[in-house]
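Encoded as structure tokens, the structure appears first; notes follow it.
In this chain, residues are counted from 1 in sequence order.
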Amino acid sequence: MKKIILGVAAIALTVGLYSFTTPVKTEKVTKIAINDPAKGKEVYAKTCIACHQANGQGVPNAFPPLAKSDYLNKDANRAIKTVLNGLSGPITVNGKKFNAMMTPQSLSDQQVADVLTYVYSSWGNNGTKVTAAMVKAQRGKK
């Protein structure tokens with residue numbers, strides 16, 4: 001009986017020690033930034049709301065609407081560049097002309113992605129998902 005108990009203990013000890021010395025395979029973990037609608041809404045409230053209003057309707061004859069905006073929905077890269085670089089000069093949004101100035105926004109790539117994804121997913125827009133990689137690709141372009 002003692003031989004059996006000692007044999008089992010020796011096997012258990014060997015397996016236990018082996019598990020401590022066996023190298024463990026590690027896999028590279030890639031972080032993927034996921035747009036957070038709550039963060040996008042927060043950025044909108046701090047950065048965009050004064051001109052484009054809480055409901056995305058803008059200010060008539062001054063600042064264009066973002067709600068159901070044909071201008072916005074037509075070209076996501078143009079929207080990204082507008083946030084990054086600002087915009088001046090006449091534009092037509094939903095058949096109405098606007099000629100106000102939008103200043104460049106000092107936001108990170110992720111913040112631009114979050115806020116534009118929020119806008120695109122709100123107020124009847126087309127639901128485009130903007131990523132930080134898309135923003136990075138447009139940064140520096142006019």
Side-chain angles (χ1 to χ4, degrees), residues 3-142:
K3 287 182 181 181
I4 293 174
I5 293 173
L6 288 174
V8 170
I11 291 171
L13 181 62
T14 302
V15 170
L17 289 175
Y18 179 76
S19 67
F20 281 114
T21 60
T22 303
V24 177
K25 269 190 167 179
T26 58
E27 293 183 27
K28 184 179 178 185
V29 176
T30 303
K31 290 184 179 181
I32 300 173
I34 298 175
N35 294 359
D36 183 344
K39 286 183 181 176
K41 187 174 184 178
E42 187 178 299
V43 172
Y44 185 87
K46 290 178 182 175
T47 309
C48 314
I49 204 166
C51 298
H52 297 290
Q53 305 300 292
N55 59 5
Q57 293 297 319
V59 176
N61 303 315
F63 301 108
L66 300 178
K68 297 180 185 174
S69 170
D70 60 350
Y71 186 87
L72 176 75
N73 288 302
K74 185 176 182 181
D75 187 348
N77 286 329
R78 178 176 61 191
I80 293 167
K81 287 186 278 192
T82 298
V83 173
L84 293 174
N85 304 319
L87 181 68
S88 62
I91 61 170
T92 302
V93 179
N94 298 342
K96 295 181 182 172
K97 293 193 183 293
F98 294 87
N99 194 9
M101 182 177 169
M102 178 176 157
T103 60
Q105 304 303 305
S106 298
L107 301 171
S108 71
D109 292 350
Q110 189 61 53
Q111 287 173 313
V112 173
D114 288 341
V115 74
L116 284 175
T117 297
Y118 167 73
V119 169
Y120 275 117
S121 67
S122 301
W123 314 307
N125 289 312
N126 67 14
T128 296
K129 305 282 188 238
V130 177
T131 65
M134 292 168 66
V135 175
K136 183 177 182 178
Q138 296 305 314
R139 196 173 284 281
K141 293 183 180 179
K142 295 290 177 185

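Listed here is the closest heavy atom pair of Ala100 and Ala62: CB-O, 3.0 Å. Here the closest heavy-atom approach between residue Lys141 and residue Asn85 is recorded as O-ND2, 2.6 Å. Closest non-hydrogen pair, Ala79 versus Leu72, comes out as CB-CD1, 3.8 Å.
Note that CD of Gln111 and CD of Gln105 are 10.5 Å apart. Values are rounded to the nearest 0.5 Å. Interatomic distance, Thr128 OG1 to Met134 CE, rounded to the nearest 0.5 Å: 7.0 Å.
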Check residues 45-57 and write down every donor-acceptor pair under 3.5 Å in which the side-chain atom is one partner and the other belongs to a residue at least two apart or another chain.
unit_1, atom_1, unit_2, atom_2, d
Thr47, OG1, Val43, O, 3.1
His52, ND1, Pro64, O, 2.9
Gln53, NE2, Ala50, O, 2.9
Asn55, OD1, Gln57, N, 3.0

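Under the side-chain contact (heavy atoms from CB on, under 4.5 Å) test applied with Val135, the options Val83, Leu84, Asp114, Leu116 reduce to a single match, Leu84.
Counting only residues at least two apart or on different chains, the side chain to side chain donor-acceptor pair (under 3.5 Å) pairs with a member in residues 67-82 are Asn73-Asn125, Asn73-Asn126, Asn77-Gln138. Every pair passing ring pair (Phe, Tyr, Trp, His ring centres under 6.0 Å) that includes a residue from residues 121-142 is listed here, sequence neighbours excluded: Tyr44-Trp123, Tyr118-Trp123. Listed by first then second residue, pairs satisfying ring pair (Phe, Tyr, Trp, His ring centres under 6.0 Å) with a partner in residues 75-114 number zero, not counting sequence neighbours. Applying the side chain to side chain donor-acceptor pair (under 3.5 Å) test to every pair with at least one member in residues 92-101, sequence neighbours left out, gives no pairs at all.
Partners of Thr117 by side chain to side chain donor-acceptor pair (under 3.5 Å), not counting sequence neighbours, listed by chain and number: Asn35.
For the pair Asp109 and Arg139, the minimum side-chain heavy-atom distance is below 4.5 Å.
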